[in-house]
Chemist: 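Quick one: this structure, given as structure tokens, is what I'll be asking you about.
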Amino acid sequence: MARLVLHVFIVLCFSMLHLSSSRPSRTRKAVSPREEDDVKSQLEKLWQEVNSLKEMQALQTVCLRGIKAHRKCYLTIEEPKHYHEANEDCIAQGGTLATPRDMMENNDLRDYAKRSAPGSKDFWIGVADIVKEGQYVDVNSIPVSYFNWDRSKKQPTGTKRESCVALSVAAHGKWYDEVCRSLKNYICEYVIP
């Protein structure tokens, strides 16, 4: 579909170029500003549609490499990074660090991380209390209402140094707060439009 639209767009552009260059300038029909605006508008709409199709194709590629659940695609990245670098990498790929919103989503992330990265124990997720100690927000600064703290290890510990949250596969998907400069694998999420 994306290729078809791209081909139509290219053919339309070449046709318009050919028509404008094949006629001598003195026999060229005068184009009203309204007609010119209509053509520009149509080209802009086609260009937006092509870009939208490219984004959808990229999202489908991510979904094929990861999993699709809860109207999102998830992808584990097995390249340990600091929390902020991990989030920036997810953003560069069109997503954010994954933020489980309920127990089912958390369990799906845990199971997926366990399957996709069997040697990894911990993953950054998109939860932190960097701005105000004890007030956990997602990467978009929206307060988090679901938590899955590892209470057996008295999590969260509440120290100001440990402001970023990791999901522990070894602890059955429980969370713990950690120093943001620690290197960990991470899980990106991509919202399906």
Chemist: Do V131 and Q135 have side-chain heavy atoms sitting under 4.5 Å apart?
Modeler: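 No, their side chains stay 4.5 Å or more apart.
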Chemist: List the atom of I77, the atom of C188, and the distance in Å for their closest heavy-atom pair.
Modeler: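 Looks like CG1-SG, 4.0 Å.
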Chemist: Please say yes or no: joined through hydrophobic side-chain contacts below 4.5 Å, possibly via intermediate residues, are V165 and V144 part of one cluster?
Modeler: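 Per the 4.5 Å side-chain linkage, V165 and V144 are co-clustered.
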Chemist: Measuring from S163:OG to D129:CG, what's the distance to the nearest 0.5 Å?
Modeler: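 CG of D129 is found 4.5 Å from OG of S163.
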Chemist: If you count the non-hydrogen atoms of other residues, nucleotides and ligands that lie under 6.0 Å from NZ in K81, is the total more than 12?
Modeler: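 Yes - once you tally the heavy atoms of other residues, nucleotides and ligands closer than 6.0 Å, there are more than 12.
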Chemist: With rounding to the nearest 0.5 angstrom, report the CZ to CG distance, F123 to L167.
Modeler: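 Spacing of CZ (F123) from CG (L167) equals 8.0 Å.
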Chemist: Side-chain contact test, heavy atoms from C-beta onward, threshold under 4.5 Å: evaluate it for D150 versus S168 and give yes or no.
Modeler: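 The answer is no, as the side chains (C-beta and beyond) never meet within the 4.5 Å cut-off.
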Chemist: Heavy-atom distance under 4.5 Å between the side chains of S116 and R65, does that happen here?
Modeler: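 No; the side chains remain at least 4.5 Å from each other.
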Chemist: Compute the centroid of each ring, for W175 and then for Y146, and state whether the two points are separated by less than 6.0 Å.
Modeler: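 Centroid separation for W175 and Y146: below 6.0 Å.
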Chemist: Shortest non-hydrogen contact from N106 to G173?
Modeler: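 So the two residues come closest at ND2-O, 3.0 Å.
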Chemist: Write out all pairs satisfying salt bridge (charged side-chain N to carboxylate O under 4.0 Å, His left out) with one or both partners inside residues 159-187, taking only residues at least two apart or from two chains.
Modeler: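 Matches after skipping sequence neighbours: E178-K184.
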Chemist: Taking the six-membered ring for Trp and the full ring for Phe, Tyr or His, determine whether the centres of Y136 and W149 are under 6.0 Å apart.
Modeler: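 For Y136 and W149, the ring centres are under 6.0 Å apart.
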Chemist: Contact between H82 and C180 at the side-chain level, heavy atoms closer than 4.5 Å - yes or no?
Modeler: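 A side-chain contact under 4.5 Å is absent here.
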Chemist: Side chain to side chain donor-acceptor pair (under 3.5 Å) between Y186 and D89: does it pass, once the steps are laid out?
Modeler: CA-CA 10 Å; Y186 50 101; D89 186 50; 2.5 Å; yes
Chemist: Drop me the distance from E88's CD to H84's NE2, to the nearest 0.5 angstrom.
Modeler: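 Spacing of CD (E88) from NE2 (H84) equals 8.5 Å.
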Chemist: To the closest 0.5 Å, what do you measure between SG (C164) and CH2 (W124)?
Modeler: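 Reported value, rounded in 0.5 Å steps: 5.0 Å.
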Chemist: Within a reach of under 6.0 Å around CZ of R71, are more than 12 heavy atoms found that belong to other residues, nucleotides or ligands?
Modeler: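 No, not enclosed.
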Chemist: To the nearest 0.5 Å, what is the distance between CD1 (I67) and CG (D111)?
Modeler: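 Those atoms lie 8.5 Å apart.
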Chemist: Would you compute the distance between atom CD of E44 and atom CG of D37 and round it to the nearest 0.5 angstrom?
Modeler: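 With rounding to 0.5 Å, CD (E44) is 12.5 Å from CG (D37).
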Chemist: Can you name the side chain to side chain contact (heavy atoms under 4.5 Å, CB included) partners of R101, sequence neighbours left out?
Modeler: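 For R101, the residues satisfying side chain to side chain contact (heavy atoms under 4.5 Å, CB included) (neighbours in sequence not counted) are K72, T99, E105, D138.
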Chemist: Quick one: do E36 and K40 make a salt bridge, cutoff under 4.0 Å?
Modeler: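 Salt bridge between E36 and K40, a charged N being under 4.0 Å from a carboxylate O: yes.
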Chemist: Applying side-chain contact (heavy atoms from CB on, under 4.5 Å), run through E189 and T96 and close with a yes or a no.
Modeler: CA-CA 6 Å; E189 78 177 22; T96 61; 3.7 Å; yes
Chemist: N148 and M103: side-chain contact (heavy atoms from CB on, under 4.5 Å), yes or no, with the steps?
Modeler: CA-CA 8 Å; N148 195 30; M103 185 185 298; over 6 Å; no
Chemist: For a side-chain contact (heavy atoms from CB on, under 4.5 Å) check, start with the C-alpha distance between K114 and V169, then their side-chain angles and the critical distance, and finish with the verdict.
Modeler: CA-CA 6 Å; K114 194 175 190 177; V169 172; 3.8 Å; yes
Chemist: Is it true that D38 and R34 make a salt bridge, defined as a side-chain N closer than 4.0 Å to a carboxylate O?
Modeler: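 R34 and D38: salt-bridged.
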Chemist: Quiz question: by atom type and distance under 3.5 Å, do the side chains of Y176 and D122 form a donor-acceptor pair?
Modeler: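 The answer is yes; a qualifying pair exists.
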Chemist: Any side-chain heavy atom of Y83 within less than 4.5 Å of one from L97?
Modeler: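 SC-SC contact between Y83 and L97 confirmed.
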Chemist: Counting N and O atoms only, with roles assigned by atom type, does the side chain of Q93 sit under 3.5 Å from a partner on the main chain of C90, one being a donor and the other an acceptor?
Modeler: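 It does not hold such a pair.
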